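Not measured: the values here are computed from a predicted model.
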Amino acid sequence: MSRVQLALNVDDLPASIDFYSTLFNAQPAQVRPGYANFAIAEPPLKLVLIENPGQGGSLNHLGVEVSDVAAVDAEQARLAEQGMASLDERGTTCCYAKQDKFWVEGTPNGERWEVYTVLADSPSFSVDPTPETAPGCCGSTAGVTEPAPSATVCC
């Protein structure tokens with residue numbers, strides 16, 4: 001199964017969870033400090049909310065969640081055949097999940113697209129060897145008390 005992922009920056013996570021629970025008639029699949037996601041069946045959507053005060057209502061990034069690593073590889077190969085470059089990330093941890101993914105490079109308007117599969121849940125938002133110099137993956141995560149996520153690893 002594949003579904004589009006929409007990651008939004010939100011000012012107030014609890015208020016946003018309430019709003020999107022009502023809008024999509026669904027409860028979050030996961031809620032963690034500064035983060036929530038919904039696995040919505042209809043329409044097929046992975047909605048990710050990232051608490052980022054002052055940035056609420058803005059797009060964080062886009063993605064396509066696929067069923068397994070073979071699907072990640074197939075999409076990356078298909079896009080490469082069409083001349084599209086990608087940045088490969090395997091075994092990365094972000095948004096409380098271990099993932100295999102790639103980022104599409106060279107988007108015409110600077111939007112960020114990832115194609116990914118979740119390998120396992122993670123107890124931490126991200127693993128970042130240099131938190132003091134790394135900008136936030138998916139933006140800020142208010143309420144997260146661990147190192148800042150890396151810009152190149154995301155949900």
Side-chain angles (χ1 to χ4, degrees), residues 1-10 13-14 16-21 23-52 55 58-80 84-105 107 111-155:
M1 176 192 109
S2 294
R3 62 181 160 206
V4 171
Q5 175 190 298
L6 173 62
L8 299 175
N9 294 313
V10 300
L13 186 62
S16 297
I17 289 170
D18 288 345
F19 175 82
Y20 287 106
S21 292
L23 181 66
F24 290 110
N25 195 30
Q27 293 302 307
Q30 186 177 71
V31 177
R32 301 279 180 95
Y35 174 87
N37 77 46
F38 291 78
I40 300 165
E42 190 58 41
L45 173 67
K46 177 76 166 264
L47 177 64
V48 175
L49 305 177
I50 300 165
E51 193 166 49
N52 196 355
Q55 300 297 313
S58 64
L59 178 66
N60 189 286
H61 69 281
L62 301 159
V64 178
E65 182 181 30
V66 297
S67 59
D68 54 35
V69 176
V72 171
D73 294 342
E75 282 302 298
Q76 191 170 27
R78 181 184 69 79
L79 293 173
M84 295 182 82
S86 61
L87 175 63
D88 200 42
E89 289 186 6
R90 302 303 168 121
T92 191
T93 299
C94 192
C95 294
Y96 298 100
K98 184 174 179 186
Q99 306 168 356
D100 274 357
K101 66 175 150 189
F102 68 90
W103 290 93
V104 177
E105 295 191 318
T107 61
E111 62 274 18
R112 297 177 63 212
W113 276 95
E114 65 177 332
V115 176
Y116 71 99
T117 190
V118 173
L119 304 172
D121 283 342
S122 170
S124 62
F125 185 84
S126 71
V127 175
D128 184 352
T130 57
E132 65 281 352
T133 60
C137 149
C138 308
S140 169
T141 54
V144 175
T145 57
E146 56 196 70
S150 165
T152 59
V153 282
C154 205
C155 8

Measure the shortest side-chain to side-chain distance between [X] and [Y] over non-hydrogen atoms and say whether it is less than 4.5 angstrom.
| X | Y | answer |
| --- | --- | --- |
| Leu62 | Val4 | no |
| Val115 | Gln76 | no |
| Val10 | Ile17 | no |
| Val72 | Arg90 | yes |

Please confirm whether the backbone N or O of Asp88 pairs with a side-chain atom of Ser86, one donor and one acceptor, at under 3.5 Å? no

First locate atom [atom1] of [X], then atom [atom2] of [Y], and finally report the distance between them rounded to the nearest 0.5 Å.
| X | Y | atom1 | atom2 | answer |
| --- | --- | --- | --- | --- |
| Asn60 | Arg112 | CG | CZ | 6.5 Å |
| Thr117 | Glu65 | OG1 | CD | 6.5 Å |
| Ser58 | Asn52 | OG | CG | 7.0 Å |
| Arg78 | Met84 | CZ | CE | 8.5 Å |
| Trp103 | Tyr116 | CH2 | OH | 9.5 Å |
| Leu45 | Asn37 | CG | CG | 10.5 Å |

Test Val104 against every option in Leu87, Val64, Leu79 by the side chain to side chain contact (heavy atoms under 4.5 Å, CB included) rule and name the one that passes. Leu79

Just jot down the side-chain hydrogen bond (donor to acceptor under 3.5 Å, both in side chains) partners of Ser21, sequence neighbours excluded, or say none. none

All side-chain hydrogen bond (donor to acceptor under 3.5 Å, both in side chains) counterparts of Asp100, not counting sequence neighbours: none

Shortest non-hydrogen separation from [X] to [Y] and the atoms involved:
| X | Y | result |
| --- | --- | --- |
| Asp121 | Gln30 | OD1-NE2, 3.9 Å |
| Ala7 | Ile50 | CB-CD1, 4.4 Å |
| Leu49 | Leu13 | CB-CD1, 3.9 Å |
| Arg3 | Ala39 | NH1-CB, 3.5 Å |
| Pro14 | Glu51 | CD-OE2, 4.3 Å |

Just say parallel, tilted or perpendicular for the rings of Phe125 and Tyr96, cut-offs at 30° and 60°. perpendicular

Residues that Asp68 engages under salt bridge (charged side-chain N to carboxylate O under 4.0 Å, His left out), provided they are two or more places apart: none

Aromatic ring proximity, centroids under 6.0 angstrom, Phe38 and Phe24: no

